[in-house]
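The shown structure was predicted, so the numbers you read here are calculated from the model rather than taken from an experiment. In what follows, residues are counted from 1 in the order of the sequence shown.
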Amino acid sequence: YLRLTSMSLTTYADLKSAIKNWTQRGTEVDSTIDDIIAVAERRIYRELRIRVMETALSDTVANGSIALPTSYVELKYAYINRTPVTFLERKTAEWIYERYPTRAASSTPKYIAREASTFIFGPFPDSAYTISGIYYKRLDPIATSVSTIFTDNPDIYLFAGCVEMMRFLNDQAGIQKFEPMYQNVKAQVQHESDTEYFSGSAMAVSVA
């Protein structure tokens, strides 16, 4: 499947019309298409990890933890913001509790884990460290705010919406038609972001 690069999809209304056109549906789906797009959008944010979803993390440890940021999806990396910086290795909360059961001021953290709506650390922080890093954020719903993902990649919203429309209508042939289109565009969008992230000069051995 070829990725579509010239589509007149710039608004939420355009997207709704395009989904109806591609799935050959009319006004009979008007009462459900907003929900269908919302479901498709959630799927996109669950599956993509691209640079426009990256947001800076910066918070100060209080009582051994920091709150999860708003619309948090996944942590990319985190570190203690000091000189030199100390990167934190991601672990599960269970792993931290097993190895650092004493939850009182102990030492400089080496590990970070998500527990419910907070990040916890191991060892338990002995100071109010500033934790910085990058996390992936779920963007605002396209129904209220056109995201950069939609502006740059309207086709991923279109095909995700078509898949969910077919799923809602229990149209297996339609799912089989649109799912590969969605997967193809999603792979291209992810590859584009990954290529940019790892671009730059080739690795070389530096001699002190």
Subject >> side chain to side chain contact (heavy atoms under 4.5 Å, CB included) assessment of K91 paired with K110 >> reply: CA-CA 10 Å; K91 295 293 184 181; K110 298 178 181 178; over 6 Å; no
Nearest 0.5 angstrom please: [X] [atom1] to [Y] [atom2], how far?
| X | Y | atom1 | atom2 | result |
| --- | --- | --- | --- | --- |
| E74 | M53 | CD | CE | 8.5 Å |
| I96 | T92 | CD1 | OG1 | 7.5 Å |
| Y12 | I33 | OH | CD1 | 7.5 Å |
| L75 | R114 | CG | CZ | 11.0 Å |
| K186 | I156 | NZ | CD1 | 7.5 Å |
| L88 | T108 | CG | OG1 | 10.0 Å |

Is there a continuous path of hydrophobic side-chain contacts, each under 4.5 Å between heavy atoms, that joins [X] to [Y]?
| X | Y | result |
| --- | --- | --- |
| Y45 | I134 | no |
| Y135 | Y79 | no |
| L139 | L48 | yes |
| L158 | V146 | yes |
| V85 | Y77 | yes |

So which atom in [X] and which in [Y] form the shortest heavy-atom distance, rounded to 0.1 Å?
| X | Y | result |
| --- | --- | --- |
| P154 | D152 | CD-C, 3.6 Å |
| I175 | P180 | O-CD, 4.2 Å |
| I120 | A93 | CD1-CB, 4.0 Å |
| V73 | R138 | CG2-N, 3.4 Å |
| A128 | T60 | O-CG2, 3.5 Å |
| L9 | D14 | CD2-O, 3.3 Å |

Original post:
Is the CZ atom of R99 crowded by more than 12 outside heavy atoms at less than 6.0 Å?
Top reply: yes
**OP:** May I ask you to check whether over 12 heavy atoms, not counting those of K76, lie within 6.0 Å of atom NZ?
**Re:** yes
Original post:
Which is it for K16 and D34 under the side chain to side chain contact (heavy atoms under 4.5 Å, CB included) test, yes or no, and what are the steps along the way?
Top reply: CA-CA 8 Å; K16 292 200 288 186; D34 292 307; 3.5 Å; yes
Does some side-chain heavy atom of [Y] sit less than 4.5 Å from a side-chain heavy atom of [X]?
| X | Y | answer |
| --- | --- | --- |
| F121 | I131 | yes |
| P69 | K137 | no |
| L68 | T118 | no |
| Q190 | I50 | yes |
| N81 | S58 | no |
| M165 | D171 | no |
| V39 | R43 | no |

Over 60° means perpendicular and under 30° means parallel, so classify the ring planes of [Y] and [X], tilted if in between.
| X | Y | value |
| --- | --- | --- |
| W22 | F159 | perpendicular |
| Y100 | Y111 | tilted |
| Y157 | F150 | perpendicular |

Original post:
Between Y72 and F119, is the gap from one ring center to the other below 6.0 Å?
Top reply: yes
Subject >> Residues R51, E54: salt bridge by 4.0 Å N-O rule >> reply: no
Subject >> Short N-O contact, D194 and R49, less than 4.0 angstrom >> reply: no
**OP:** Apply side chain to side chain donor-acceptor pair (under 3.5 Å) to E28 and list each qualifying residue two or more places apart in sequence or on a separate chain.
**Re:** none
**OP:** For the pair E164 and E41, evaluate side chain to side chain contact (heavy atoms under 4.5 Å, CB included) and give the outcome as yes or no after the intermediate values.
**Re:** CA-CA 10 Å; E164 297 308 325; E41 190 171 31; over 6 Å; no
**OP:** Give a yes or no on whether the backbone of S147 and the side-chain of T151 come within a donor-acceptor separation of less than 3.5 Å.
**Re:** yes
Original post:
Got a sec, which hydrophobics cluster with F124, joining ILVMFWY side chains under 4.5 Å apart, including via others?
Top reply: none
**OP:** Check step by step if side chain to side chain contact (heavy atoms under 4.5 Å, CB included) holds for E89 and I112.
**Re:** CA-CA 6 Å; E89 185 177 344; I112 184 172; over 6 Å; no
